[in-house]
Amino acid sequence: MREENGLILSNTCIAKDTYKMMIQAEMAKDMQPGQFVNLQIQGYFLRRPISISYVDDEHCFTIVYKV
């Protein structure tokens with residue numbers, strides 16, 4: 001498992017309680033939509049697996065999540 005700190009570029013509400021987050025990370029070049037990324041949030045012990053919905057050419061990937 002590789003670990004990397006990502007930079008959140010945007011976090012947009014797309015529907016009620018549903019958000020689209022674009023994250024910049026060097027490892028995005030090796031990712032494919034449908035794969036999972038484990039996100040670790042500072043202050044929380046467990047990581048959360050979230051499916052990747054889109055990967056662009058600029059080392060960014062997008063996830064969609066519901067609160």
Side-chain angles (χ1 to χ4, degrees):
M1 175 172 43
R2 292 179 8 199
E3 246 183 69
E4 181 179 343
N5 289 328
L7 175 65
I8 298 172
L9 300 178
S10 66
N11 191 29
T12 309
C13 183
I14 58 174
K16 183 178 185 284
D17 298 330
T18 305
Y19 293 84
K20 177 176 78 170
M21 182 182 290
M22 181 182 267
I23 302 170
Q24 183 179 30
E26 186 66 30
M27 69 171 56
K29 67 180 183 245
D30 299 323
M31 296 177 172
Q32 295 291 323
Q35 291 179 326
F36 283 82
V37 61
N38 286 307
L39 299 181
Q40 182 178 16
I41 308 301
Q42 190 174 14
Y44 292 90
F45 180 70
L46 296 175
R47 298 171 189 258
R48 296 290 177 228
I50 299 180
S51 178
I52 299 167
S53 65
Y54 179 76
V55 179
D56 71 9
D57 294 334
E58 298 179 13
H59 305 295
C60 297
F61 64 96
T62 303
I63 60 171
V64 177
Y65 66 96
K66 188 164 185 160
V67 177

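When all heavy atoms are compared, the tightest approach of Glu3 to Met27 is C-CE, 4.2 Å. The minimum heavy-atom distance between Gly6 and Ile23, with the atom names listed, is CA-CG2, 4.0 Å. What you find for Val67 and Tyr19 is that their closest heavy atoms are CG2-CE1, 3.5 Å. Between Phe61 and Ala25, the shortest heavy-atom distance links the atoms CE2-CB, 4.1 Å. What you find for Ala28 and Cys60 is that their closest heavy atoms are CB-N, 3.8 Å. Closest approach of Tyr65 and Asn11 over heavy atoms only: OH-OD1, 2.9 Å.
When the shell of 6.0 Å around CG of Asp30 is examined, it contains more than 12 heavy atoms from other residues, nucleotides or ligands. Crowding of Asp57 atom CG: a count of heavy atoms from other residues, nucleotides or ligands under 6.0 Å not exceeding 12.
Panel note: side chain Thr62, backbone Ser53; no donor-acceptor pair is recorded below 3.5 Å.
Between the CD atom of Gln40 and the CZ atom of Arg47 there is a distance of 4.0 Å, given to the nearest 0.5 Å. Expressed to the nearest 0.5 Å, how far NZ of Lys66 lies from CD1 of Ile14 amounts to 10.5 Å. To the nearest 0.5 angstrom, Met22 atom CE is 12.5 Å from Ile8 atom CD1.
Scanning for side-chain contact (heavy atoms from CB on, under 4.5 Å) contacts around Ile50 gives Leu39, Ile63, with sequence neighbours left out.
Cluster membership check: Val37 does not share its hydrophobic cluster with Val64, using side-chain heavy-atom separations under 4.5 Å among Ile, Leu, Val, Met, Phe, Trp and Tyr.
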